[in-house]
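Note that the numbering runs from 1 along the sequence shown for the chain. Please read all numbers here as calculations on a predicted model, not as lab measurements.
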Amino acid sequence: MRALVTGASAGIGRAFAVSLAAAGYSVTAVARGAEGLEALMVELGAGHDYLIADLATDEGLRVTAERLRGGGYTLLINNAGTASHGDFAEQSLESALTTLDLNCKAVVALAHAFLGSAAPGSALVNVSSTLGHTPKPGTGVYSASKGFVIAFSETLWHEQKSRGVHVMALCPGVTATASQAATDVPAWLVQSPQQVVDSARKALSDKTGPVVLTSRANRIFTAALRLLPRRAALSLLAEPATRPAVR
């Protein structure tokens, strides 16, 4: 069994790489920086490899897609992503477009490369977010990109099931990582990267899908928000700087 994991040097991607290696997969870890990948290889041991690639660039996509087409992979974890925070109009256009390149263009390009040669029994996991269901003011482009990932994955799930290839959109909520302490979020909504991966692995084993939210709390919270009037949900989720003043 061979798996390729993007965004593998930290957070959810790293947890996926470690978990899959422990389960007997030969893992190819993909990320931008060599240092994190080299440290991961030391932890994983022999039988695994890495690829340094910036998936927000055409060259990074090209070399990674080539690896997928010729590598005999049975599992792709499309995890790499980025987000910027704040009022959209105050951010640089370059930042917004980079988010789209990594969160959408890269997901499409690598999914296409993988599915073109995927054998029956293979699986594709596109990592989305609960914000793909309930967009959050202050993260407009990110939320929209994750909504795209959900819709894209749902259609692929239907198209690929007759081939015996399972496709899933994985929707974590707030996840505590080195870059996101999540101290301003209720503890019952926060998961660790390992908890997210454990949920994903179980969903893969059970062929759950096409959309998987990674905890009961996130499922309840997301469902509740979707029952609210849209304006109320947006106001509830808005970051403090984007909320209207209370009068």
Side-chain angles (χ1 to χ4, degrees), residues 6-7 10-13 32 54-58 60-61 78-111 125-156 169-186 189-191 193 196 210-215 217-247:
T6 68
I12 293 172
R32 290 183 301 171
D54 183 351
L55 297 178
T57 67
D58 289 340
L61 280 181
N78 246 336
N79 168 73
T82 188
S84 55
H85 298 264
D87 190 305
F88 167 71
E90 296 176 359
Q91 299 176 41
S92 71
L93 178 59
E94 180 182 7
S95 172
L97 294 178
T98 296
T99 297
L100 291 177
D101 283 340
L102 187 56
N103 295 8
C104 298
K105 181 180 177 181
V107 168
V108 171
L110 299 186
V125 177
N126 294 323
V127 179
S128 180
S129 167
T130 55
L131 295 186
H133 299 280
T134 53
K136 176 184 171 84
T139 62
V141 176
Y142 176 82
S143 296
S145 73
K146 293 304 184 178
F148 169 86
V149 171
I150 291 170
F152 179 58
S153 301
E154 286 181 313
T155 60
L156 292 185
L170 182 69
C171 299
V174 178
T175 307
T177 65
S179 61
Q180 178 177 261
T183 55
D184 59 340
V185 178
L189 272 178
V190 181
Q191 289 186 287
V196 171
V211 179
V212 172
L213 280 79
T214 57
S215 75
N218 281 319
R219 289 191 291 273
I220 293 171
F221 188 62
T222 300
L225 284 172
R226 295 179 78 178
L227 290 174
L228 289 176
R230 203 65 168 171
R231 291 183 181 184
L234 289 167
S235 295
L236 181 64
L237 285 171
E239 296 184 349
T242 69
R243 289 176 183 158
V246 177
R247 300 189 180 212

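Screening Ser128, Ser153, Cys171 for a side chain to side chain contact (heavy atoms under 4.5 Å, CB included) involving Val211 leaves a single residue, Cys171.
Looking at Asn79, its side chain does come within 3.5 Å of a backbone N or O of Thr6 through a donor-acceptor pair. Of the possible polar contacts, none joining the Thr99 side chain to the Tyr142 backbone as a donor-acceptor pair under 3.5 Å is found. Within the 3.5 Å criterion, the main-chain N or O of Gly86 finds a donor-acceptor partner in the side chain of Gln91. In this structure, Thr155 contributes its side chain and Phe152 its backbone to a donor-acceptor pair below 3.5 Å. No donor-acceptor pair closer than 3.5 Å links the side chain of Thr139 to the backbone N or O of Pro135. Remark: side-chain polar atoms of Gln191 are paired, donor with acceptor, to backbone N or O of Thr214 under 3.5 angstrom.
Atom CD1 of Ile150 is separated from atom CD of Glu154 by 7.0 Å, given to the nearest 0.5 angstrom. Separating the CG atom in Leu237 from the CG atom in Leu225 is a distance of 5.0 Å, to the nearest 0.5 Å. Remark: Ser95 OG to Glu90 CD distance equals 13.0 Å, nearest 0.5 Å. In this structure, Leu227 CG and Thr222 OG1 are separated by 11.0 Å, a value rounded to the nearest 0.5 Å. Interatomic distance, Lys146 NZ to His133 NE2, rounded to the nearest 0.5 Å: 11.5 Å. Atom CZ of Phe88 and atom CG of Leu93 lie 6.5 Å apart (nearest 0.5 Å).
The minimum heavy-atom distance linking Leu100 with Ser145 is given by the pair CD2-CB, 4.4 Å. When all heavy atoms are compared, the tightest approach of Gly60 to Leu55 is O-CD2, 3.7 Å. Between Ala176 and Pro193, the closest heavy-atom pair is O-CD, 3.1 Å.
A heavy-atom distance below 4.5 Å is found between the side chains of Lys105 and Asp58. By the 4.5 Å heavy-atom criterion applied to side chains, Asn103 and Val141 are not counted as neighbours.
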Exercise. Given Asn78 and Val149, is the side-chain contact (heavy atoms from CB on, under 4.5 Å) satisfied, shown in steps?
Worked result: CA-CA 10 Å; Asn78 246 336; Val149 171; over 6 Å; no
For this session: Start with the C-alpha gap between Asn218 and Thr130, add the side-chain angles, then the distance that decides, and say whether side-chain hydrogen bond (donor to acceptor under 3.5 Å, both in side chains) holds.
Result: CA-CA 8 Å; Asn218 281 319; Thr130 55; 5.1 Å; no
For this session: In sequence, state the C-alpha distance, the side-chain angles, and the governing distance for Phe148 and Asn126, and then conclude on side-chain contact (heavy atoms from CB on, under 4.5 Å).
Result: CA-CA 11 Å; Phe148 169 86; Asn126 294 323; over 6 Å; no
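The number of heavy atoms from other shown groups lying within 6.0 Å of CZ (Arg32) does not exceed 12.
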